[in-house]
Amino acid sequence: MAIKNARVRFAPSPTGLTHLGSARTALYNYLIAQQSDGVFILRIEDTDQKRYDPQAEQDLIDSLRWLGVKWDEGPDVGGPHAPYHQSKRMEIYRKYAEELVAKGKAYYCFCTPQELEQVRKQQQANKQQPHYSGRCRDLPAEDAQQRVKAGESHVIRFKAPKSGSITVTDKLRGEITVENRSIDDRVLLKSDGHAVYHLAAMVDDHEMGITHVLRGEEWLPSLPLHAHIYEAFGWEQPIWVHLSVFLKPSGKGKMSKRDTEQMRLTGQSIFIKDLAAMGYLPEGVVNWIALMGWSYDDHTEFFPMQDLVEKFDLEKMNPSPAAIDFKKLDHFNGLHIRALSEKELAKRLVPYFETAGYAVDAKQLAPIIPIIQTRMTTLDEGPQLAGFFFQEEVEPSVDMLIGKGLTATASAAALRKALGILEVLPEFNAASAEEPMRAVADELGLKAGQLFGMLRNVVTGQEVSPPLFESMEIVGRETVIARLQRAIKALERPGEETPNRS
RNA sequence: GCCCCCAUCGUCUAGAGGCCCAGGACGUGGCCCUUUCAAGGCUAAAACCGGGGUUCGAAUCCCCGUGGGGGCACCA
């Protein structure tokens with residue numbers, strides 16, 4: 001069932017780095033807007049001035065941009081419902097809060113935080129669900145008005161019904177019914193004049209014409225409250241969709257702050273920013289998180305963004321929590337690396353070579369792409385794999401230069417023989433070098449692998465490398481010869497007569 | 001303590017009463033390809049939380065239990 005012209009929003013509270021959970025919520029919203037020819041709004045929920053962090057907001061914008069999740073309206077791009085920072089919409093919330101007071105659906109409360117805290121403690125001690133005492137709930141309107149005018153510090157509280165029950169509908173879970181007496185008289189407007197989430201989000205969603213609210217599961221318990229607020233205003237509710245939470249890789253519980261730090265130490269992270277630095281592709285990350293909680297029924301798992309836009313479907317979402325699996329991210333990242341054009345991959349590799357200390361451009365990278373593309377799971381592996389192409393000199397240990405089951409002298413002799421032939425080869429390329437080298441091995445009674453292994457170490461300086469002859473061609477005859485000569489010299493130094501591991 | 005949500009291989013999931021002695025993917029083991037490492041191909045092991053119902057028939061519906069998760073702020 002296709003949605004048309006959805007108006008959706010992602011409304012984070014920038015208090016820390018953007019992580020996978022937020023990214024997925026943003027992604028799903030974006031997909032719905034895209035596929036329905038709708039509008040995706042980015043709204044910043046910064047009504048808690050103590051916790052708001054401008055750096056976190058910048059990180060949010062960078063992370064979303066990097067992922068390719070684009071918004072139509074938002075703080076940086078503007079739009080018909082500006083401003084998009086809730087801290088700049090105070091008067092709007094005040095007006096609506098007063099409206100509820102006038103309707104008898106909310107009331108002024110003069111209880112101090114200390115008083116509330118005390119009551120709460122007592123309730124907890126009595127093993128009761130902490131609820132507002134109701135002390136100001138039935139204050140005569142005149143008196144309350146008077147005290148407000150006199151400048152007495154106050155908040156506005158919602159007057160939740162005390163009897164009966166309410167039934168709300170979540171797209172993934174169906175109808176949820178709760179007793180009204182379990183719903184508290186929550187604060188809507190704080191004494192500092194800022195609205196609380198419960199008011200600000202409802203007002204904005206209504207004013208911005210939001211049709212589908214996709215948000216984290218942690219909001220599910222307050223959904224009945226939100227439904228009551230909508231009812232109090234006489235507004236029509238949006239379609240509510242509560243996304244399951246992400247669990248730790250172990251599947252045991254939500255990621256705690258300590259967990260995330262622990263994870264970063266081991267080279268993994270749930271922060272988008274880190275993932276980018278670690279060499280993951282936005283395509284890989286998007287594909288990965290899209291499939292945590294949603295699936296497509298023909299078993300397809302490879303999804304470029306455009307396909308997600310076409311295929312994503314709220315009906316196929318899964319309400320149960322999902323454990324994060326970084327192995328699967330590696331898999332998707334590899335898939336997307338291989339799906340990149342050679343030109344594009346070269347371009348994306350440049351920064352990783354730069355941070356590894358190689359000053360190369362995409363053009364210099366171009367020839368090596370075909371031989372490294374299937375060998376990478378993350379972009380930062382590029383320099384490890386192919387750095388030797390750009391090094392003046394490689395530094396294999398003497399041990400590495402000795403062929404399997406050979407002595408140093410035998411190894412030196414073999415390399416010398418190979419050198420003699422490579423020097424005079426009429427053409428120096430992968431195709432022309434392989435056969436003669438096989439012949440050399442034959443002649444010396446060596447297995448091809450024995451000789452090739454030595455050559456690999458000599459030319460690349462590493463035991464794991466891209467294919468040998470292709471590498472030699474790219475490195476070039478001159479450098480190959482120089483590296484061979486150096487290796488032979490190292491091998492012929494006295495005292496190296498022990499046979500190598502077999 | 002109270003409220004809410006969830007429950008299929010180790011993990012992500014397919015499964016909307018017979019198509020399921022449960023399918024795919026990741027990971028793991030084996031084989032093939034191969035100069036290393038990958039990629040690719042083939043293949044194997046691996047799950048319906050438990051108990052009651054309903055029904056001719058239940059992974060699928062209902063109830064209870066258990067387990068897991070989330071929430072109970074002038075935070076979002």
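In what follows, chains are A, B, ... by sequence order, proteins preceding strands, each numbered from 1. What you see is a predicted model, and the numbers here were worked out from it, not measured in a lab.
- Checking B:C37, B:A76, B:G69 against every side-chain atom of A:Lys254, the shortest atom distance belongs to B:G69.
- Closest contact between the side chain of A:Ser295 and the listed nucleotides B:C75, B:A14, B:G70 involves B:A14.
- Looking at the side chain of A:Val187, the nearest of the listed nucleotides B:C5, B:C74, B:A25 is B:C74.
- Here the nucleotide nearest the side chain of A:Arg51, chosen from B:C37, B:A76, B:C6, is B:A76.
- Distance from the side chain of A:Ala323 is smallest to B:U11 among B:C4, B:G40, B:U11.
- Residue A:Leu220 is in sugar-phosphate contact alone, with no base atom involved, counting any heavy-atom pair closer than 4.0 Å across all strands shown.
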Exercise. Does the pair A:Cys109 and A:Tyr132 meet the rule for a side-chain contact (heavy atoms from CB on, under 4.5 Å), with working shown?
Worked result: CA-CA 10 Å; A:Cys109 171; A:Tyr132 175 59; 3.3 Å; yes
Atom pairs, N/O to N/O, protein against nucleotides 30-34 of chain B, distance under 3.5 Å?
none

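- A:Gly253 comes within contact range of the sugar-phosphate backbone alone, with a heavy-atom separation under 4.0 Å but no base atom that close.
- Between A:Arg157 and A:Asp185 there is no salt bridge, since no side-chain N of the basic residue sits under 4.0 Å from a carboxylate O of the acidic one.
- RNA chain B is contacted by both A:His131 and A:Ser465; A:Ser465 maps to the nucleotide lying nearer its 5′ end (nearest heavy atom per residue).
- In this structure, A:Arg43 forms no cation-pi arrangement with A:Phe10, as its terminal cationic atom is not both closer than 6.0 Å to the ring centre and no more than 45° off the ring axis.
- Backbone-only contact: A:Gly293 has heavy atoms under 4.0 Å from sugar-phosphate atoms and none from a base.
- A:Lys328 comes within contact range of at least one nucleobase, with a heavy-atom separation under 4.0 Å.
- At the heavy-atom level, A:Ser244 lies nowhere under 4.0 Å from the strands shown.
- Checked against side chain to side chain contact (heavy atoms under 4.5 Å, CB included), A:Lys447 has the following partners two or more places apart in sequence or in another chain: A:Gln450.
- Among the nucleotides B:A73, B:G10, B:A76, the one closest to the side chain of A:Pro130 is B:A73.
- Listed nucleotides B:G69, B:G40, B:C3 differ in distance to A:Gln129; the shortest reach to its side chain belongs to B:C3.
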